[in-house]
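Please read the structure below before turning to the comments.
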Protein chains: 2
Amino acid sequence: MPRPRTPLLSRDRIRAAALALIDKDGLAELSMRKLAQELGVQAASLYSHYKTKEALLDEIGVQILDKVDVTGFAGSDWRAGLTGWARSYRAALAAHPNFVPYLASGPGRHPAALEIADKIHGGLIRAGWPPRYATMIGASTKYLVLGAALTSFARGFDADTQVYLDRYPNLGQAHLLQQMADEIDTDSFELALTAFLDGLDRLRPTLGHLGQPGHE
Amino acid sequence: MPRPRTPLLSRDRIRAAALALIDKDGLAELSMRKLAQELGVQAASLYSHYKTKEALLDEIGVQILDKVDVTGFAGSDWRAGLTGWARSYRAALAAHPNFVPYLASGPGRHPAALEIADKIHGGLIRAGWPPRYATMIGASTKYLVLGAALTSFARGFDADTQVYLDRYPNLGQAHLLQQMADEIDTDSFELALTAFLDGLDRLRPTLGHLGQPGHE
DNA sequence: ACCTGAACACCGTTCAAGT
DNA sequence: ACCTGAACACCGTTCAAGT
């Protein structure tokens, strides 16, 4: 068969097709062979563009996390910075729930992740938090986001939701269940984030370190 | 070969060997064939005891979560109940970090998980929280525990820790790194839990529902 | 440089057959 | 009831070969 003038594949096409398959059928269903078939090509061809399946998944991860927003840390309002980061982070994960387990499993050490962690750390320090607290607050917020993204998105109903439904059986109309689960998820996340930040606010004065940094 | 008087395998032996392999080499490294070899048996033999690999993993999950403690909800101190649950939950996961991704990926809907969720929900309601808040608080706490268990245990250092180390390079003595990561993890979790509970405390009076339930 | 076809070393699972 | 050996339908990945 003659080689086409333009390559059949590209990294972007491969990523897009892979993510579409993951979104549709789940992470476990993605195989290099199925992906190749979807792209009208042999499985081995994919290895001309990505060295391994893992390299492909890693780059999909980077692409998804590209939408995480840390611009809120530009000012001196650390709450705004954290809130903006956490919400955009969660939204990025929620856009591809089936991919979340992959992101949650490996340590995030891509340059982009490091850059984000650095922005957050810097923003918190500029707001007067001691370095160690900056680290812990960043980590804690990530716990919330990852936990929230993992626990229930598009994942059937977990025990919490089930208990809620059992106790209030009048809510059991089938067509409301998915909406209900999404709502409980979002509300739980917002409650957790607000309560966490409120708790930090209360704790802050007791630290006895440098006060507010003047402006704002 | 004559059939031995006593079966070579048992569900308990299989689970123990499987979990040992997972603890040692990671979840991805566990295969039914390797597990069988470890047990001195053919892979097909395992299927006389567990219907599928997934059924085996599920039961390992139940076994691990068996150590989660919800007795703290017996009294009327909801903070003590939540704290005890969250800490024992996290400790149970931390005991087998390589298994956490499996627990985090599927919805927890075993009867045991439901029973726990019910105890928590009941305890919070008895403490005066409106039902919807009870659900959200339970979910939020689970976010924290799962996020904390996933993010860094025995998982190399993620971006947060890396930033911390980069900024304080004098901490870079190799033999202190693991201990440091564990410490940051634990402290972050405790900070998150405390701040979250403090935030809830502050929020509670504004709900305008039934006050404290008298005693304590 | 990019793609193919065939191969290699693995998987989970099934099933007839043995005891 | 429990275990084996062989098979089936899959995997990820490699590699010589073609263009």
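What you see is a predicted model, and the numbers here were worked out from it, not measured in a lab. Lettering of chains follows the sequences in order, A, B, ..., and the numbering in each one begins at 1.
Atom CG of B:Leu9 and atom P of D:dA1 are 16 Å apart (whole Å). When the C1' atom of D:dA7 is taken as reference, atom OH of B:Tyr47 falls 14 Å away, rounded to whole Å. Spacing between atom CG of A:Leu39 and atom P of C:dC3 amounts to 10 Å, rounded to whole angstrom units. We find that CE of B:Met32 is positioned 18 Å from P of C:dC10, with the value rounded to whole Å. In this structure, the CZ atom of B:Arg11 is 14 Å from the C1' atom of D:dC2, given to the nearest Å. Look at CD on A:Glu29: it is 11 Å from P on D:dC10, rounded to the nearest Å. One can place CD of B:Gln37 at 14 Å from P of D:dG5, the figure rounded to the nearest angstrom. As a whole-Å value, the separation of A:Leu35 CG from D:dC11 P is 11 Å.
Side-chain N or O atoms of A:Arg126 include one that pairs as donor or acceptor with a backbone N or O of A:Phe73 at under 3.5 Å.
With D:dT13, D:dC3, D:dT14 as the candidates, the nucleotide lying closest to the side chain of A:Lys53 is D:dT13. Side-chain proximity of B:Ala44 to the nucleotides C:dT4, D:dC11, D:dT4 is greatest for D:dT4. Residue A:Gln42 places its side chain closer to C:dT4 than to any other of D:dC3, D:dC11, C:dT4. Listed nucleotides: C:dC3, C:dG12, C:dG5. Nearest to the side chain of A:Pro7: C:dC3. Comparing C:dC11, C:dT13, C:dT4 against the side chain of B:Thr52 picks out C:dT13 as the nearest. Minimum atom distance to the side chain of B:Val41 is reached by D:dT4, of the listed C:dT4, C:dG12, D:dT4.
Counting non-hydrogen atoms under 4.0 angstrom, A:Leu30 reaches the backbone sugars and phosphates but no base. Across all strands shown, A:Ser31 has heavy atoms under 4.0 Å from sugar-phosphate atoms exclusively, and none from any base.
One finds a side-chain N or O of A:His49 lying less than 4.0 angstrom from the OP1 or OP2 phosphate oxygen of C:dC3. Contact between the side-chain N/O atoms of B:Ser45 and the OP1/OP2 oxygens of D:dT4 is found at a separation under 4.0 Å.
With both pairing distances under 3.5 Å, D:dT19 is matched to C:dA1 as a Watson-Crick or G-U wobble pair. D:dA6 is paired with C:dT14 under the criterion used here, namely a Watson-Crick or G-U wobble arrangement in which both key atom distances are under 3.5 Å.
The aromatic rings of A:Phe99 and A:Tyr102 sit tilted relative to each other, their planes meeting at an angle between 30° and 60°.
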### Task
Check step by step if side-chain contact (heavy atoms from CB on, under 4.5 Å) holds for B:Leu193 and B:Leu82.
CA-CA 9 Å; B:Leu193 188 59; B:Leu82 269 185; 5.9 Å; no
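Side-chain contact check for B:Ser10 and B:His49: no donor-acceptor pair (N or O, by modelled atom type) lies under 3.5 Å.
Considering only heavy atoms from C-beta on, B:Thr151 comes within 4.5 Å of A:Tyr143 through its side chain.
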